[in-house]
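The block underneath contains the structure these notes are about, expressed in structure tokens.
Indexing begins at 1, ligand by ligand and atom by atom, following the structure's order.
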Amino acid sequence: MPHVTYPGFPRIGRRRELKRALEGHWKGNIGTEELLDIARELRSRHWALARDAGADSVTVNDFSLYDHVLDAAVMVDAIPERYRPLYEVDPLAGYFAMARGRQDDHIDLPALEMTKWFDTNYHYIVPEVSAGQTFAARPDKVVREYREAVAAGYVARPVLLGPITFLCLAKAVDGSDPLARLDALLPAWGGVLDALADAGAEWVQVDEPVLALDLDDATREAFRLAYAWIATRSRVRVLVATYFGSLDGNLELAMSLPIAGLHVDLARAPEQLDAVLDALPAGRVLSAGVLDGRNIWLSDPSAILPRVRKLRDRLGDGRLWLSTSCSLLHVPLDAGDEMRLPGNLATWLSFARQKIAELRRYADAAQGDEDAREALARQRVLVAGRQAAPGVVRDEVRKRVRQLTAQFGRRRSAYPFRAAVQRERFGLPDLPTTTIGSFPQTATLRVARAAHRAGKLDDEAYTAVVRDEVRRAVAFQEEAGIDVLVHGEPERNDMVEYFGEQLDGYAFTSFGWVQSYGSRCVKPPIVYGDVARPAPMTVAWSAFAQSLTKKPMKGMLTGPVTMLQWSFVRDDLPRADVCRQIALALRDEVRDLERAGIGIVQIDEPALREGLPLRRAEWNGYLAWAVEAFRITAGGVSDATQVHTHMCYSEFNDIIEAVAAMDADVISIETSRSRMALLDAFARFRYPNGIGPGVYDIHSPRVPAEGEMASLLARALQVLRPDQLWVNPDCGLKTRDWPEVAAALTAMVAVAKAARQRLGAAA
Ligand SMILES: Nc1nc2c(c(=O)[nH]1)N[C@@H](CNc1ccc(C(=O)N[C@@H](CCC(=O)N[C@@H](CCC(=O)N[C@@H](CCC(=O)O)C(=O)O)C(=O)O)C(=O)O)cc1)CN2
Ligand SMILES: [Zn+2]
């Protein structure tokens, strides 16, 4: 029978136990031992869950206390010097300092940079290397976890982030080429493999997702070198795992590596099945990622079973592993927990646990097991039934999308004219200050929302709590002297889920948590049907907030591409079409805000860059419909209405033209952790419209010094026109606490005022 396994498992816990333990630990309420106990308990529970669902082997070292890329850096001792003193005395404190920064009486350490993991909503900590970088094996974590699994009776496979992907993701602080450090890195790697071999590991999974990207010759050569080196000296069997796309031009390279097994993604790239089977060297194991690790739909046996049969016919049982396309990190744990979904939706879903059970079913059915075959026959009927279910296809929504014309995406006048009209209307100073939307989500607020949801707090009482938060945010901003205000988003659990809850065609889960970074999780809503807006979603809150102040109040919406990217999207309609449906619903909201007197509307698109296909050949197709969707959303308002957008974690160099084509009047972007490096693209391109490069890293609890913000602003002023520059934080403030926010924003306003004065004096 084919071997059933998976490339990695969610780690946050069924009820986000890891999140609570981490946050308790950071607050000082949970000691190191207790935190490590909880982590161990979670690993053991998750292995049991995978085994009970039908996995023949489990993964080890996919667990992490914060991030698996940071773990990979620590594993080879790539710990930047500034964290080392702390790391030597207290490894856990040093680890968290790299992840989140640390500020106390003795230490003031910013966090390492954080960025998106390929095209997912997961964020990793960017490893730092330099030309003189040395490495050493620190195998203790992976070996300890391997021994844990073996002691508990599992067939366990350690997972390591591959050396080439590690170096490709790393950033050289001195501008050198990280790949040039490969020779130095490999001996440390060898040390880890030796330690695993000594501990008894047979297979080691080495993740090389960059094999799904376009690679240059140097990187391909590095692959050959690294795996030849590993093959000559390791005593373990190496399974190289690729995922998030097709091997495409790297197929030959992957096949030529001297490894014992290869994992391929057959969910995103089912078309590579034949090519992979034809090219697979004799004797090599194929781990076939037949089920989608990135989405939550129960698979269609009419599509999957023939593939499984073909795989088995060609490879026999001994060389075939059945797996999900990628780590299950990107889906929630158990659809069986969902009791409140509409209609038959719950029966259409497959989360981590169900995916493994599905794999078992396919393996058993391919083997001829009657029960499994019958179960798959029932599954086929279930999946086919989706099309006819209520709300899945709505004629009026389809018609509206069909009738879209270029006119929908056009503002009335070009930017320079709009800018003049808006300058007149708002009379803002140079370097206007603003924030990105959310203010701290206080414990009171979250407890009230939980009680409201549970039916223990009525609408009126809940609304009163939220109104108080809006009042507090507005009062603070006036006091601090901020120029363009926000209402603070206290009514939102999350910027995507909140809208998903109000739009038709969307459903939301009760426990469908997915890790975004560290202890932070999201509950992506599910687009299962055609999307429409039954009623205004934000107008009442924005209008209430505007009634509290004479300063302009910025309306706040999540854009169509981000709504798509951060949801689980139906698999029976092209993404571009789903995106257009969402754009039309949001366009109506923008116009309603304008009608209610809101003069500035921000349409957040933090996920626009993330949605960019991994292969360049597909970029233009994506960017065309993504930009169009934004423009449809923004295009219905007058010249005097100022449209903002916001993006974070984005590498803009490659897509600056598309960003400009969005034609937002103002864009705010995340730049502070990279010390404004992201501005290069805007400067080189002579980006014409308003731009607010973040001067305050909100992902760390650390309060930036005035001097730091002033120096970031000065750098921005070197490359941008003063009349186009805005002053704002990197992103929303919902993850922060009020005291930090108050201190940081007060300092930010002071920095802007000082810079304004200097500009005035220079003029
Ligand atoms: N979808 C999405 N993706 C994103 C971002 C984003 O904001 N949203 N931002 C970027 C960074 N990623 C982030 C992801 C999550 C969070 C975040 O703060 N998440 C919250 C959860 C948000 C949420 O849904 N909150 C709910 C549920 C809160 C909750 O846990 N309630 C308790 C009860 C109250 C309590 O005891 O606190 C419970 O249900 O048990 C609410 O406020 O209603 C968290 O992990 O803490 C921040 C940034 C990129 N990707
Ligand atoms: Zn943001």
Nearest neighbour in protein (non-hydrogen) for [atom]:
atom                    : value
atom 12 (N) of ligand 1 : S516 OG, 3.0 Å
atom 27 (C) of ligand 1 : W513 CH2, 4.0 Å
atom 26 (C) of ligand 1 : N493 CB, 3.6 Å
atom 36 (O) of ligand 1 : V447 CG2, 4.4 Å
atom 11 (C) of ligand 1 : Y517 CE2, 3.7 Å
atom 18 (O) of ligand 1 : R520 NH1, 3.1 Å
atom 5 (C) of ligand 1  : W566 CZ3, 3.5 Å

What I want to find out is whether [X] reaches [Y] closely enough, with some N-O distance under 4.0 Å, to be called a salt bridge.
X    : Y    : value
K19  : E23  : yes
D337 : R15  : yes
R14  : D334 : yes
E651 : R609 : no
R492 : E497 : no
K734 : E489 : no

Close N or O approach ([X], ligand 1; < 3.5 Å):
X    : answer
R16  : yes
D494 : yes
N121 : yes
C521 : yes

Which ligand 1 atoms, with their elements, are less than 4.0 angstrom from a heavy-atom of [X]?
X    : value
V522 : 1 (N), 2 (C), 3 (N), 8 (N), 14 (C), 15 (C)
K19  : 44 (C), 45 (O), 46 (O)
R449 : 41 (C), 42 (O), 43 (O)
E497 : 24 (O)
R20  : 40 (O)
A450 : 33 (C)

| Is the shortest distance from a heavy atom of H123 to ligand 1 less than 4.0 Å? | yes
| query | Does at least one non-hydrogen atom of K734 fall below 4.0 angstrom from an atom of ligand 1? | reply | yes
At under 4.0 Å between heavy atoms, is it the side chain or the backbone of [X] that contacts ligand 1, or both, or neither?
X    : value
K523 : neither
T735 : side chain
M495 : side chain
Y498 : neither

Looking at [atom1] of [X] and [atom2] of [Y], how far apart are the two atoms once the value is rounded to the nearest 0.5 Å?
X    : Y    : atom1 : atom2 : value
N121 : W566 : CG    : CH2   : 5.0 Å
T165 : L213 : OG1   : CG    : 8.0 Å
I296 : W348 : CD1   : CH2   : 10.5 Å
D680 : T671 : CG    : OG1   : 11.0 Å
D483 : L431 : CG    : CG    : 9.5 Å

Under the 6.0 Å and 45° cation-pi test, does [X] pair with [Y]?
X    : Y    : answer
R467 : F544 : yes
R11  : F63  : no
R100 : W26  : yes
R449 : Y462 : no

| remark: Looking at E489, Q441, K116, R446, the heavy atom closest to atom 35 (C) of ligand 1 belongs to R446
| request: May I ask you to list the protein N, O or S atoms found at less than 2.8 Å from the Zn ion (ligand 2)? | output: H646 NE2, C648 SG, C731 SG
| task | May I ask you to check whether W738 and F476 place their ring centers less than 6.0 Å from one another? | result | yes
| request: Flag the pair Y122 / V514 as yes when at least one side-chain heavy-atom distance between them is below 4.5 Å, and no otherwise. | output: no
| request: Indicate the ring-plane relationship of F244 and W117, choosing parallel, tilted or perpendicular according to the 30° and 60° boundaries. | output: perpendicular
